*Asks:* 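First, the structure itself, so that you have it in front of you.
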Amino acid sequence: MKILLKRIYNCTTYCISHIYVDGEYVCDAVEDYDRGLDQSMTLNEIKKRKVYRMTAIPTGTYEVTMNIQSPKFSQYKFYMDLCKGYLPRILNIKGFDGVLFHCGSSAASSAGCVICGYNKIKGRVVDSQKAFTKLMKQHFIPAKMLGEKIILTITRTYKTT
């Protein structure tokens with residue numbers, strides 16, 4: 001399964017993205033501010049620009065796993081009922097750890113994670129549980145059950161400074 005997280009708008013406190021799975025639009029996302037990080041940068045370069053809990057992960061291509069239960073989110077009934085707390089986790093991100101796809105409403109919910117929803121309010125997403133459930137039931141859970149490799153590519157369509 002191939003996921004494209006296409007960043008379309010960047011502001012000083014957040015960025016907005018579209019999420020596509022195998023070329024089909026699924027929902028939007030809100031993330032922390034995109035500081036122009038790229039997977040090809042060294043760890044030291046990333047650390048110089050990164051602001052803890054306020055920086056989107058570097059653009060690039062990553063593997064996603066569904067095989068790690070989130071200690072935090074497995075405490076919530078919504079996630080336990082939907083996926084037993086096994087949220088999509090993005091692997092091997094330089095300078096970042098524990099980056100997940102999950103529900104929320106704004107970059108304040110993010111801490112580097114991808115917050116699923118629909119961008120109908122400036123700087124936010126709405127109907128996050130609906131969007132996340134759709135993404136999980138139609139894509140992530142079937143991919144896990146089939147043992148399918150999940151690849152995430154993050155791009156941007158704007159210039160960063």
Side-chain angles (χ1 to χ4, degrees), residues 3-21 25-39 41 43 45-62 64-66 68-137 139-140 150 152-161:
I3 304 166
L4 172 62
L5 183 74
K6 184 178 181 181
R7 293 181 179 154
I8 60 163
Y9 182 77
N10 198 33
C11 181
T12 57
T13 56
Y14 66 89
C15 70
I16 299 294
S17 306
H18 292 313
I19 298 175
Y20 299 86
V21 177
Y25 168 81
V26 177
C27 62
D28 300 321
V30 63
E31 301 174 83
D32 289 319
Y33 175 56
D34 180 356
R35 298 178 190 280
L37 304 180
D38 184 272
Q39 185 179 43
M41 298 170 97
L43 181 57
E45 289 173 312
I46 288 171
K47 285 182 176 182
K48 285 179 186 175
R49 289 195 199 179
K50 180 182 176 183
V51 177
Y52 181 68
R53 298 181 64 92
M54 297 174 67
T55 304
I57 63 174
T59 57
T61 301
Y62 303 95
V64 177
T65 185
M66 288 285 296
I68 301 170
Q69 188 178 45
S70 167
K72 176 181 177 180
F73 291 103
S74 63
Q75 297 177 33
Y76 297 97
K77 183 177 181 346
F78 169 78
Y79 295 106
M80 287 304 291
D81 290 348
L82 179 63
C83 56
K84 301 207 181 323
Y86 288 87
L87 280 70
R89 180 179 297 261
I90 306 167
L91 301 175
N92 303 316
I93 308 167
K94 290 179 199 167
F96 293 78
D97 189 39
V99 178
L100 306 170
F101 284 77
H102 63 83
C103 299
S105 59
S106 68
S109 312
S110 175
C113 293
V114 178
I115 307 301
C116 305
Y118 300 96
N119 179 229
K120 305 222 182 257
I121 300 172
K122 184 178 180 179
R124 305 178 69 80
V125 292
V126 298
D127 294 326
S128 188
Q129 286 188 348
K130 180 180 175 182
F132 184 75
T133 298
K134 177 182 177 183
L135 194 58
M136 291 295 289
K137 285 187 174 181
H139 303 288
F140 282 115
I150 305 169
L152 168 68
T153 300
I154 303 170
T155 64
R156 66 175 69 89
T157 60
Y158 49 81
K159 295 188 186 291
T160 58
T161 55

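None of the values given here were measured: they were computed from a predicted structure.
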*Asks:* Got a donor-acceptor contact below 3.5 angstrom from the K130 side chain to the G117 backbone?
*Replies:*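 No; zero donor-acceptor contacts below 3.5 Å.
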*Asks:* Return the orientation label for the H18 and Y20 ring planes: parallel under 30°, perpendicular over 60°, tilted otherwise.
*Replies:*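 Judged by the thresholds at 30° and 60°, the geometry between H18 and Y20 is perpendicular.
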*Asks:* If you measure from OH on Y158 to CD1 on I16, what distance do you get to the nearest 0.5 Å?
*Replies:*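 Y158 atom OH to I16 atom CD1 measures 9.5 Å (nearest 0.5 Å).
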*Asks:* Ring centroid separation for Y79 and F132, is it under 6.0 angstrom?
*Replies:*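 Ring centroids of Y79 and F132 are less than 6.0 Å from each other.
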*Asks:* Just verifying a value: how many Å separate Q129 CD and C103 SG, rounded to the nearest 0.5 Å?
*Replies:*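 Those atoms lie 5.0 Å apart.
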*Asks:* Which pair of heavy atoms, one from C116 and one from C27, lies closest together, and at what distance?
*Replies:*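 Heavy-atom minimum between the residues: CB-SG, 4.2 Å.
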*Asks:* V126 vs I121, test: side chain to side chain contact (heavy atoms under 4.5 Å, CB included). Steps then yes/no.
*Replies:* CA-CA 7 Å; V126 298; I121 300 172; 3.5 Å; yes
*Asks:* Taking atom CG as the centre, does D81 end up with more than 12 heavy-atom neighbours from other residues, nucleotides or ligands that are less than 6.0 angstrom away?
*Replies:*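 Yes, enclosed.
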*Asks:* Are any of the side-chain heavy atoms of I90 and I57 separated by less than 4.5 Å?
*Replies:*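 I90 vs I57: side chains touch.
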*Asks:* Determine, step by step, whether V30 and D28 satisfy the side chain to side chain contact (heavy atoms under 4.5 Å, CB included) criterion, reporting the C-alpha distance in whole Å, the side-chain angles of both residues, the deciding distance to 0.1 Å, and the verdict.
*Replies:* CA-CA 7 Å; V30 63; D28 300 321; over 6 Å; no
*Asks:* For Q39, does its backbone N or O pair with a side-chain atom of K94 as donor and acceptor, under 3.5 Å?
*Replies:*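 Flag set: sc K94 to bb Q39 pair under 3.5 Å.
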*Asks:* Passes side chain to side chain contact (heavy atoms under 4.5 Å, CB included), V21 versus L135? Steps please.
*Replies:* CA-CA 9 Å; V21 177; L135 194 58; 3.9 Å; yes
*Asks:* Using only atom types and a distance under 3.5 Å, with no angle test, would you say the side chain of N10 pairs donor to acceptor with the backbone of T12?
*Replies:*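 Such a contact is absent between N10 side chain and T12 backbone.
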*Asks:* For Y14 and D34, which I'm curious about, is there any donor-acceptor pair between the side chains at under 3.5 Å?
*Replies:*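 Checked: Y14/D34 side chains show no N/O donor-acceptor pair below 3.5 Å.
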*Asks:* Where is the tightest heavy-atom contact between S70 and L100, given as atom of each residue plus distance?
*Replies:*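 Scanning both residues completely, I find the closest heavy atoms to be OG-CD1, 4.1 Å.
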*Asks:* So does G104 get a backbone contact from the side chain of S128, meaning a donor-acceptor N/O pair under 3.5 Å?
*Replies:*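 Pair found, side chain donor or acceptor close to backbone of G104.
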*Asks:* Please report the closest heavy-atom contact between F96 and T55, naming both atoms and the distance.
*Replies:*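 Reported closest heavy-atom pair: CE2-O, 3.5 Å.
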*Asks:* Quick one: pull up CD1 in I19 and NZ in K134 and give me the separation to the nearest 0.5 Å.
*Replies:*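 I19 CD1 to K134 NZ: 10.5 Å, rounded to 0.5 Å.
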*Asks:* Any non-hydrogen side-chain atom of Y9 less than 4.5 Å from a side-chain atom of N119?
*Replies:*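 A side-chain contact is absent here, since even the closest heavy-atom pair is not under 4.5 Å.
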*Asks:* Centroid separation under 6.0 Å, is that true for the rings of F101 and F140?
*Replies:*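 When the ring centroids of F140 and F101 are compared, they turn out to be within the sub-6.0 Å range.
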*Asks:* Looking only at atom types and distance, does a side-chain atom of D32 sit under 3.5 Å from a main-chain N or O of G112, one as donor and one as acceptor?
*Replies:*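 Looks like yes, one N/O pair under 3.5 Å.
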*Asks:* Do T65 and R89 get their side chains close enough for a donor-acceptor pair, meaning under 3.5 Å?
*Replies:*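 Short answer, no.
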*Asks:* Let's go through V64 and L91 carefully: what are the C-alpha distance in whole Å and the side-chain angles of both, what is the deciding distance for side chain to side chain contact (heavy atoms under 4.5 Å, CB included) to 0.1 Å, and is it a yes or a no?
*Replies:* CA-CA 6 Å; V64 177; L91 301 175; over 6 Å; no
*Asks:* Report the distance from atom CZ of F78 to atom SG of C83, rounding to the nearest 0.5 Å.
*Replies:*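 Reported value, rounded in 0.5 Å steps: 7.5 Å.
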*Asks:* Any side-chain donor-acceptor pair under 3.5 Å between T59 and D38?
*Replies:*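 T59 vs D38: donor-acceptor pair found between side chains.
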*Asks:* Checking the side chain of E31 only, and the main-chain atoms of I115 only, is there a donor and an acceptor separated by less than 3.5 Å?
*Replies:*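 Checking the backbone N and O of I115 against the side chain of E31, no donor-acceptor pair under 3.5 Å is found.
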*Asks:* Distance check, rounded to the nearest 0.5 Å: D127 atom CG versus Y118 atom OH?
*Replies:*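 D127 CG to Y118 OH: 7.5 Å, rounded to 0.5 Å.
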*Asks:* Would you say that I150 contacts I3 through its side chain, given a criterion of any heavy-atom pair below 4.5 Å between the two side chains?
*Replies:*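 Yes. Closest side-chain heavy atoms under 4.5 Å.
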*Asks:* Can you see which heavy atom on T157 is nearest to which on I8, and at what distance?
*Replies:*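 The pair with the smallest heavy-atom distance is OG1-CA, 3.4 Å.
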*Asks:* Looking at OH of Y86 and CZ of F73, how far apart are the two atoms once the value is rounded to the nearest 0.5 Å?
*Replies:*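 These two atoms lie 16.0 Å from each other.
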*Asks:* Evaluate the side-chain proximity of L82 to T133: yes if any heavy-atom separation is below 4.5 Å, no if none is.
*Replies:*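 Answer yes - side chains close enough.
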*Asks:* If we check side-chain contact (heavy atoms from CB on, under 4.5 Å) with L87, which of these qualifies: M66, H102, Q69?
*Replies:*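 Between L87 and the candidates, side-chain contact (heavy atoms from CB on, under 4.5 Å) is satisfied uniquely by H102.
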*Asks:* I need the minimum non-hydrogen distance between R49 and G36, along with the two atoms involved.
*Replies:*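 Smallest interatomic distance, heavy atoms only, reads NH1-O, 3.2 Å.
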*Asks:* Determine the minimum heavy-atom distance between I93 and P58, stating which atoms define it.
*Replies:*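 It is CG2-CD, 3.6 Å.
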*Asks:* Does M41 have more than 12 heavy atoms from other residues, nucleotides or ligands lying within 6.0 Å of its CE?
*Replies:*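 Count over threshold, so yes.
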